**Q** 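Below is a structure I'd like to ask you about.
The figures that follow rest on heavy atoms only: side chains count, while hydrogens, waters and symmetry mates do not. In what follows, chains carry the letters A, B, and so on, assigned in the order in which the sequence lines appear, proteins first and then strands, with residues in each chain numbered from 1. Fair warning: this is a prediction, and the values are worked out from it, not measured in the lab.
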Protein chains: 2
Amino acid sequence: MARMPTSTRARLVDAAFALFEERGFHETTVEEITARAGTGRTTFFRHFRGKEDVVFPDHEQLLPRVAARLGTATGTTREVALREAARIVLDHYLDEGTTARARYRLTRTVPALRDRESASAQRYLRLFREHIATWTANEPDGELRAELLAAAVITAHNHVLRRWLREETDAVDAEFDAALTRALATADPSAGASATVVVHTSSTDVDQVLRDVRDALTRGG
Amino acid sequence: MARMPTSTRARLVDAAFALFEERGFHETTVEEITARAGTGRTTFFRHFRGKEDVVFPDHEQLLPRVAARLGTATGTTREVALREAARIVLDHYLDEGTTARARYRLTRTVPALRDRESASAQRYLRLFREHIATWTANEPDGELRAELLAAAVITAHNHVLRRWLREETDAVDAEFDAALTRALATADPSAGASATVVVHTSSTDVDQVLRDVRDALTRGG
DNA sequence: GTACTAATGGTACTACGTACCGCGCAACGT
DNA sequence: ACGTTGCGCGGTACGTAGTACCATTAGTAC
């Protein structure tokens, strides 16, 4: 090894990932990690709260950035805010590159790490939900609609992210835009009108649509 | 088996909940739980895989029941299957009654338990997603649409469940139906129909709705 | 009585995570 | 040059979760 241009923290991360892939997560002890990194055991717990945290290093720094972006949304720019806030998270993974894919392999393998990732994803969901809920506070069913929209955005993000992690796509930008468009279109019925109509058809036969509408309305009430 | 007014397992659960609420989760040791339950420490780990599992006792039995209900869905009955599958989970919590609310209080307080609940919720999400994905396999963007629909169903379920847990409602049945309707309507563009209409209004002024529809359609097309 | 099974209790062990103490070292001010 | 302060690191000891293994008891069949 070189004469360590890398920081202690980086050496611990590298050692941990290497050992986790070689021997497995549970089969690797913290002492083995620190031995390979050339540090003491105490140092490990100074840099990471626990053995699992070494796999998810910096999500705590990401949440406030996402919150900040969501906080700047004003009336007409909310959809853009949702897109860009989700983009912050996606870009973070893209920047990590190899590390993100290594983490993905681990989380697919180790149940404890999978649960951990679910928990952190839930924090993003909660963050989005709370912001959106402030926008929909005075609408009917505002809470539920906020939760549905937040879930749709997070789901679309995760969908594209997973495809990138599995190397199933290279057109990340296009797929992200398309997925977010679908999520926003389906889950955000732009309230305010006395009626919100979502038309899922490629036909332009307005009369047929109106007949369907009248049938649906008169049948229901 | 000693003669018992309550089973060993039930005594352990009761002791654990009591101590967790008295002293907190992390401040309670397994030894204290077993002491109050009048058993040995080993017995605890025979009944529960870990200290956290005593709070979530029987989710493992619920998943296959939900899977079975989803498996019986056939073409036209898919929406009903989704509703009833989610209902299985909701009914399970309702049957637990006080226990479910006690668990909710704990999960709101203890981060470790909150994460644990997020992880088990993710398993339900995954289960729904995989079943729905088999239905939408040959549709464009089938994967993404399956994920969005699954997320919407789970979100609607969780919304009503949380409201019941917080004792914010007594009309669980009505709210569940309404929430699921909204989730299915927004996230499932039931392909094939010439138009799907979602009306978000309490007014019964059909003519006004139709004017809105015509305006929206002629403006867009 | 003997043999088998199931549930329990006890003991010992590994490893995570924490508390606490001490060391080395660089950056100061005087 | 000399202390002082702060920071990062290493070491030791400890509590506790979770596992492995063995001993014990009670019920059951023969």
**Q** Nearest whole Å is fine: how far is dT16(D) P from F25(B) CZ?
**A** 14 Å
**Q** If we ignore angles and hydrogens, is there a donor and acceptor under 3.5 Å between the side chains of Y104(A) and R166(A)?
**A** yes
**Q** Starting from the 5' end of DNA chain D, give me the residue, H47(A) or T29(B), whose nearest nucleotide shows up first.
**A** H47(A)
**Q** Distance check needed: dA19(C) P versus R46(A) CZ, whole Å only.
**A** 12 Å
**Q** Separation of R116(B) atom CZ from dA17(D) atom C1', in whole Å?
**A** 13 Å
**Q** Rounded to the nearest Å, what distance is computed from the CZ atom of residue F44(A) to the P atom of nucleotide dT12(D)?
**A** 20 Å
**Q** Reading DNA chain C from 5' onward, which residue's closest nucleotide shows up sooner: G38(B) or H26(A)?
**A** G38(B)
**Q** Would you check if there is a donor-acceptor pair between the side chains of T107(A) and R116(A) at a distance under 3.5 Å?
**A** no
**Q** Could you state the atom-to-atom distance from NZ of K51(B) to P of dG17(C) in whole Å?
**A** 13 Å
**Q** Using atom CZ of F48(A) as one end and atom C1' of dG17(C) as the other, report the distance to the nearest whole Å.
**A** 15 Å
**Q** Rounded to whole Å, please give me the gap between CZ in R41(B) and P in dA17(D).
**A** 7 Å
**Q** Side-chain donor or acceptor of T43(B) under 3.5 Å from a matching atom on the base of dG9(C)?
**A** no
**Q** Are any non-hydrogen side-chain atoms of F17(A) and V54(A) less than 4.5 angstrom apart?
**A** no
**Q** Given atom CZ of F45(B) and atom C1' of dG9(C), what is their separation to the nearest angstrom?
**A** 14 Å
**Q** Tell me whether the side-chain N/O atoms of T8(B) come closer than 4.0 Å to OP1 or OP2 in dA7(C).
**A** no
**Q** Considering only heavy atoms from C-beta outward, does the side chain of L149(A) approach that of F128(A) to under 4.5 Å?
**A** no
**Q** Have a look at T28(A) and say if it touches a base, only the backbone sugar-phosphate, or nothing, with a 4.0 Å heavy-atom cut-off.
**A** sugar-phosphate
